[in-house]
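Throughout, a chain's letter reflects where its sequence line sits, starting with A, and its residues are numbered from 1.
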4 protein chains.
Amino acid sequence: MGLSERREREKLARKEQILDAARTLLFKRGLQATTINQIAKLSELSVGTLYLYYKNKEEIFAELEKEGFDLLYQQILEAENKAVTQDEKVVGIAFSYIDFSHNFKDYFDIINYFLSTPELLFPPVIKNRIDKTAGKILKVLVDVINSGIDCGHFRKVDPVKHAVVLWGSLHGLIHFKKMEETMLQNENYRDYVKYMLDNYLYNLKSGVAR
Amino acid sequence: MGLSERREREKLARKEQILDAARTLLFKRGLQATTINQIAKLSELSVGTLYLYYKNKEEIFAELEKEGFDLLYQQILEAENKAVTQDEKVVGIAFSYIDFSHNFKDYFDIINYFLSTPELLFPPVIKNRIDKTAGKILKVLVDVINSGIDCGHFRKVDPVKHAVVLWGSLHGLIHFKKMEETMLQNENYRDYVKYMLDNYLYNLKSGVAR
Amino acid sequence: MGLSERREREKLARKEQILDAARTLLFKRGLQATTINQIAKLSELSVGTLYLYYKNKEEIFAELEKEGFDLLYQQILEAENKAVTQDEKVVGIAFSYIDFSHNFKDYFDIINYFLSTPELLFPPVIKNRIDKTAGKILKVLVDVINSGIDCGHFRKVDPVKHAVVLWGSLHGLIHFKKMEETMLQNENYRDYVKYMLDNYLYNLKSGVAR
Amino acid sequence: MGLSERREREKLARKEQILDAARTLLFKRGLQATTINQIAKLSELSVGTLYLYYKNKEEIFAELEKEGFDLLYQQILEAENKAVTQDEKVVGIAFSYIDFSHNFKDYFDIINYFLSTPELLFPPVIKNRIDKTAGKILKVLVDVINSGIDCGHFRKVDPVKHAVVLWGSLHGLIHFKKMEETMLQNENYRDYVKYMLDNYLYNLKSGVAR
DNA sequence: TATGAATGAGTCTTCATTCAT
DNA sequence: GATGAATGAAGACTCATTCAT
């Protein structure tokens with residue numbers, strides 16, 4: 001192993017060390033309440049060192065966003081594997097996203113944060129890295145839809161668009177949870193998700209001989 | 001006009017004066033960057049006076065959120081009126097939401113801010129007032145769907161749920177705009193909206209004699 | 001009853017109305033947390049009116065201080081009456097001050113506030129009125145000591161000085177309550193009071209044939 | 001000298017720098033009127049730096065309180081040393097406290113402030129550190145009384161209690177200075193102190209063969 | 001590389017008092 | 001006499017980032 005190789009490894013180790021602390025704090029205190037100084041203290045590094053490895057606070061959280069997407073990917077992959085039919089797979093994936101938004105609330109919040117903060121614009125490198133994971137997640141859905149089409153289970157839709165629409169719909173519905181008691185008229189918002197999925201599948205199959 | 005009547009009117013005028021400044025700043029600088037002191041200066045009132053009319057900063061923005069919903073309501077109503085068939089109405093309403101998210105980006109941002117900030121919880125009075133407007137907006141959609149069902153144009157779906165799902169889906173897709181160049185593979189995200197709407201309408205009508 | 005007489009009475013009623021509110025708030029929220037606006041609201045008068053009857057916030061609290069002294073006077077009088085021998089009277093009065101400092105903590109705090117805030121200097125009129133009540137309280141003690149001397153129970157001390165010393169000692173000990181767990185070595189500070197009184201009485205009687 | 005050693009020294013120097021400013025302002029403007037911004041400006045440090053060395057405003061003043069106690073301790077030790085007999089020592093210590101309350105009025109005020117502010121409760125660490133100094137002061141008195149007892153000069157009293165009572169009495173009398181012209185009937189309140197001390201000593205010695 | 005002390009503009013909010021009506 | 005809207009300086013405290021060592 002060369003010197004530069006070791007350097008590289010140590011660098012990664014340091015970055016991980018920082019992320020560990022940031023993650024812990026994010027989960028303990030939430031996004032807003034986590035400060036650079038706290039991360040420095042918990043990671044047993046100095047503030048200056050943090051800035052040696054990350055250009056600013058946002059970059060650290062961007063890394064955590066990627067982590068969140070990675071985790072989500074795992075969840076979705078698992079859900080996909082567990083299910084048998086294409087219908088079940090679609091439903092399974094959908095609910096694994098819903099569940100993710102609760103069980104890993106902090107990761108979901110951070111994903112959402114970057115998705116909905118208007119000003120925020122990442123340096124392309126980071127943004128691409130993140131979006132790639134998002135792309136992988138989408139691909140799982142796309143593949144399911146494709147295989148459903150292949151076996152004649154689903155009608156011949158545009159699989160990518162169909163996948164994006166599903167994910168977007170889920171994402172939007174999650175936002176409405178806050179209005180459960182008012183606009184959603186006290187009905188559990190999961191019922192809305194179910195309802196949406198029923199229609200989604202119905203649409204995928206209508207006109208298809210079953 | 002009695003004294004108390006004039007007082008009341010002046011009070012409203014002051015509140016409007018404050019909102020004018022807050023709105024201007026919100027549009028110029030964005031949500032996070034707008035401070036109480038700025039609002040005070042621009043409205044030509046003292047900081048103390050602001051706190052006479054609004055309990056805190058959040059309340060001012062809550063008022064603007066309500067404003068945003070009201071404006072959205074107007075837009076949607078207009079779109080509904082302009083369209084003739086139920087199909088057109090659905091599409092018109094949907095795109096008026098999409099357009100709203102661009103044309104009145106700041107209002108959309110503020111709505112989204114309150115929808116997705118996890119910690120934030122308004123005093124019930126305020127929350128209800130806002131959610132009521134949201135309810136009115138939803139109702140426009142519900143009515144369109146209902147009338148579509150009545151005239152045999154749409155199949156007999158649950159109109160409230162169908163409406164929520166539509167709005168949620170649109171809301172979610174808007175978030176994905178940020179990924180236009182990556183996940184959405186350089187396709188205009190409006191095409192996704194169109195695609196989604198096609199399917200939405202197809203679903204509403206499938207099984208219905210046309 | 002003349003007009004000016006009624007005016008006078010109404011004026012006093014207003015002042016009482018203000019004091020009622022101020023007292024309630026003082027007891028509910030404490031000295032620092034009570035604001036003029038709160039007093040105005042609770043008394044159902046306008047802020048401006050408050051300033052018509054009292055020159056400033058301090059004057060209102062000065063009135064309450066007087067009240068506190070008056071109440072203390074009652075307590076002490078009662079204790080004096082209840083006791084039979086001069087010894088018992090001294091002890092009774094002393095403990096009624098100690099009890100007052102707990103049972104009417106807010107009044108004690110306000111008395112102490114004016115006594116120990118260095119900058120504060122009242123307009124002579126107010127100060128005199130208050131000190132007069134303080135003088136009445138002192139007189140109760142003086143009288144007890146005097147009558148003790150008269151009946152040969154106590155030796156011929158300077159009754160005023162002896163009274164001041166007793167009151168001062170009690171007042172000082174009350175301040176030490178905060179150090180119960182440290183300097184006072186976990187012994188109840190009432191025991192210190194008892195101890196002090198024992199010695200005080202012993203002193204009053206030593207050399208006196210008993 | 002190692003690096004960490006120098007760091008430690010510089011840290012202490014900074015803390016002293018801050019205290020210097022705080023002390024100066026405390027003496028010039030009084031307790032309530034001294035603000036963090038003033039301290040920052042006078043100490044030629046930024047506000048943020050102040051908060052690097054002290055958790056909040058209270059902690060700075062707590063430090064000054066400790067300083068006051070330390071100074072008082074010196075004064076009392078000196079008085080104790082200067083005097084020869086136990087009687088003189090008691091009187092000397094007592095008047096050094098009285099003198100302290102005038103000559104170092106601001107230190108006395110701050111001590112009194114913390115002693116009589118009801119809400120204020122320090123974090124245990126700080127409180128203990130302060131109370132310890134208070135304990136040291138008390139011990140001087142206790143030792144004097146003890147040695148008086150040992151040499152048969154004083155009767156066998158409880159030395160701690162006797163010491164606390166003396167200090168408490170002095171502390172209380174100082175508060176009454178404000179009423180010199182009214183309740184104390186225009187007599188110099190030092191005479192009251194003298195009178196109190198006479199009796200205190202009389203009590204300490206009565207029954208003892210002289 | 002690594003440190004961590006220092007920055008200081010900026011945050012929201014409070015409140016006794018005034019004065020035109 | 002009575003009102004109460006308006007004031008605005010002042011308060012304590014935060015925190016991402018820098019830079020000399």
Side-chain angles (χ1 to χ4, degrees), chain A residues 7 10-11 14 32-41 43-61, chain B residues 3-4 6-7 10-11 13-14 17 32-41 43-60, chain C residues 7 10-11 14 32-41 43-61, chain D residues 3-4 6-7 10-11 13-14 17 32-41 43-60:
Chain A
R7 284 246 171 93
E10 275 169 359
K11 199 166 173 175
R14 276 272 191 273
Q32 296 279 356
T34 299
T35 72
I36 287 283
N37 276 288
Q38 288 168 5
I39 299 175
K41 182 164 279 179
S43 66
E44 294 182 315
L45 291 167
S46 69
V47 202
T49 307
L50 258 62
Y51 278 87
L52 238 45
Y53 290 93
Y54 292 98
K55 218 189 71 210
N56 53 33
K57 196 188 170 187
E58 225 133 54
E59 227 177 80
I60 298 179
F61 284 115
Chain B
L3 182 70
S4 67
R6 191 175 70 216
R7 283 258 164 84
E10 273 170 1
K11 204 166 171 172
R14 277 276 187 271
Q17 190 178 352
Q32 298 279 359
T34 300
T35 75
I36 287 285
N37 278 294
Q38 288 168 7
I39 300 175
K41 184 163 280 180
S43 65
E44 294 184 310
L45 291 167
S46 71
V47 191
T49 305
L50 260 61
Y51 280 88
L52 230 48
Y53 292 92
Y54 292 97
K55 225 187 68 213
N56 52 35
K57 196 187 170 185
E58 224 138 54
E59 239 182 28
I60 298 179
Chain C
R7 285 246 171 91
E10 274 170 0
K11 198 166 173 176
R14 276 271 193 274
Q32 297 278 358
T34 300
T35 72
I36 288 284
N37 275 289
Q38 287 168 6
I39 299 175
K41 182 164 280 179
S43 65
E44 295 183 313
L45 292 167
S46 70
V47 203
T49 306
L50 259 62
Y51 278 87
L52 238 44
Y53 291 93
Y54 292 98
K55 221 189 70 207
N56 54 33
K57 196 189 171 187
E58 226 135 52
E59 229 178 75
I60 298 178
F61 283 115
Chain D
L3 182 67
S4 68
R6 191 176 69 215
R7 283 260 164 84
E10 273 171 0
K11 203 167 173 172
R14 276 276 186 272
Q17 192 178 351
Q32 297 280 358
T34 300
T35 75
I36 286 284
N37 278 294
Q38 289 167 6
I39 300 176
K41 184 164 282 180
S43 65
E44 295 183 310
L45 291 167
S46 71
V47 189
T49 305
L50 259 61
Y51 280 89
L52 230 47
Y53 291 92
Y54 293 97
K55 223 187 68 211
N56 52 35
K57 196 188 170 185
E58 224 136 56
E59 237 182 30
I60 298 180

#### Entry: Nearest-Å distance for atom pair NZ/C1', residues B:Lys55 and E:dT14
15 Å

### Task
Kindly point out which of F:dA6, E:dC12, F:dA16 is positioned nearest to the side chain of B:Tyr51?
E:dC12

### Task
Select one nucleotide: of F:dC13, F:dG4, E:dT3, the one nearest the side-chain heavy atoms of C:Ser46.
F:dG4

### Message
Using whole Å, what does the distance between atom P of nucleotide F:dA12 and atom CD1 of D:Ile39 come to?
### Response
8 Å

### Message
Measure CD/D:Glu10 against P/E:dG4 and give the value in whole Å, please.
### Response
13 Å

### Task
Give B:Tyr54 one of three labels, base, sugar-phosphate or nothing, depending on what nucleic acid heavy atoms sit under 4.0 Å from its own.
nothing

### Message
At 4.0 Å (heavy atoms only), tell me whether A:Thr49 reaches a base, stays on the sugar-phosphate, or touches nothing.
### Response
base

### Task
To the nearest Å, give me how far apart NZ (C:Lys11) and C1' (F:dA2) are.
14 Å

### Summary
Taking for A:Val47 and for C:Lys57 the nucleotide of DNA chain E with the nearest heavy atom, the one nearer the 5' end belongs to A:Val47

### Query
Would you find a donor on one side and an acceptor on the other, under 3.5 Å apart, between the side chain of D:Glu59 and the backbone of D:Tyr54?
no

### Query
Given atom CG of D:Asn37 and atom P of F:dA12, what is their separation to the nearest angstrom?
7 Å

### Query
How many angstroms lie between atom CD1 of B:Ile39 and atom CG of B:Leu45, to the nearest 0.5 angstrom?
11.0 Å

### Message
How many whole angstroms separate atom CD of D:Gln38 from atom C1' of F:dA9?
### Response
13 Å

### Query
Within the structure, does a side-chain N or O atom of B:Arg14 lie under 4.0 Å from either OP1 or OP2 of F:dA6?
yes

### Query
How long is the line joining CG of B:Leu52 and C1' of F:dG8, in whole Å?
13 Å

### Base paired to E:dA20 (Watson-Crick or G-U; both N/O distances under 3.5 angstrom)
F:dT3

### Query
Ignoring hydrogens and geometry, is there a side-chain-to-backbone donor-acceptor pair from A:Lys57 to A:Thr34 under 3.5 Å?
yes

### Whole angstrom value for the distance that separates P of F:dG4 from OH of C:Tyr53
14 Å

